[in-house]
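These notes are about the structure you will find just below.
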2 protein chains.
Amino acid sequence: MNHVREYRKQKKISQMELAKRIGVARQTINLIENDKYNPSLELCLSLAHVLGTDLNSLFWDGDEQQ
Amino acid sequence: MNHVREYRKQKKISQMELAKRIGVARQTINLIENDKYNPSLELCLSLAHVLGTDLNSLFWDGDEQQ
DNA sequence: AATAAATGTCATATATATTTGACACAATGA
DNA sequence: TCATTGTGTCAAATATATATGACATTTATT
């Protein structure tokens with residue numbers, strides 16, 4: 001239940017393009033977008049930077065959002 | 001360069017106590033505090049919840065902090 | 001000073017994130 | 001309709017996060 005896909009589409013780039021910019025495999029992006037696994041912090045930080053946002057916006061849901 | 005240790009000390013709990021509450025090994029906490037590796041997102045989320053804070057406060061440093 | 005608690009660290013084992021290559025199918029555009 | 005691009009997914013291999021047990025050292029606490 002993260003917001004990676006939304007932010008990626010907002011940037012109008014493909015999974016492959018996003019993967020290339022971050023330096024991971026396309027499958028990694030795909031699996032993260034579909035909540036199939038559990039990325040490392042370093043990868044989350046790269047995603048946030050490349051997508052022009054921050055950790056909370058991508059991965060922190062619910063009530064206690066600041 | 002995360003802020004786990006600061007928030008843990010603020011809560012006045014040991015690495016062992018924090019590890020127990022989160023359900024990981026004490027070494028895992030120790031290595032994260034000392035930037036020896038790269039926790040999973042799920043673990044980061046647990047840390048944020050148990051420490052009463054959020055992802056950005058623990059792991060998002062620098063300029064673009066919101 | 002002595003005892004206990006907290007921390008740093010090592011070595012080995014296991015679970016799982018991530019990679020690579022490939023294929024099928026959907027969507028898009030020529 | 002054909003070609004292209006994007007996406008979902010599978011299987012096998014590799015890298016690395018995490019666990020377990022142990023020990024040394026530092027930091028309270030008495």
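Per chain, numbering begins at 1; letters A, B, ... match sequence-line order. Since we're looking at a predicted model, the values are computed, not measured.
The base of D:dG6 does not come close enough to the side chain of A:E17 for any donor and acceptor atom to sit less than 3.5 Å apart. For D:dG8, the base has no donor-acceptor partner in the side chain of A:Q15 [N/O atoms by modelled type, under 3.5 angstrom].
OP1 or OP2 of D:dG8 has at least one side-chain nitrogen or oxygen of A:N34 nearer than 4.0 Å. For A:R26, no side-chain nitrogen or oxygen approaches OP1 or OP2 of C:dA22 to under 4.0 Å. Phosphate proximity of D:dA19 to B:T28: present, with a side-chain N or O under 4.0 Å from OP1 or OP2. In this model, the phosphate group of C:dT16 is not approached by any side-chain N or O of B:S40 to a distance below 4.0 Å at OP1 or OP2. Applying the 4.0 Å criterion to OP1 and OP2 of C:dT16, one finds that A:K36 has every side-chain N and O outside that range. B:R5 has no side-chain polar atom (N or O) that falls below the 4.0 Å cut-off from OP1 or OP2 of C:dA6. Checking the phosphate oxygens (OP1, OP2) of C:dA6, no side-chain nitrogen or oxygen of B:R8 falls inside 4.0 Å. For C:dG8, one of the phosphate oxygens OP1 or OP2 lies less than 4.0 angstrom from a side-chain nitrogen or oxygen of B:N30.
Proximity of the aromatic rings of B:H3 and B:W60 is defined here by a centroid distance below 6.0 angstrom, and this criterion is not met.
Of the charged side-chain nitrogens involved, none lies within less than 4.0 Å of a carboxylate oxygen, so that B:E17 and B:R8 do not count as a salt-bridged pair.
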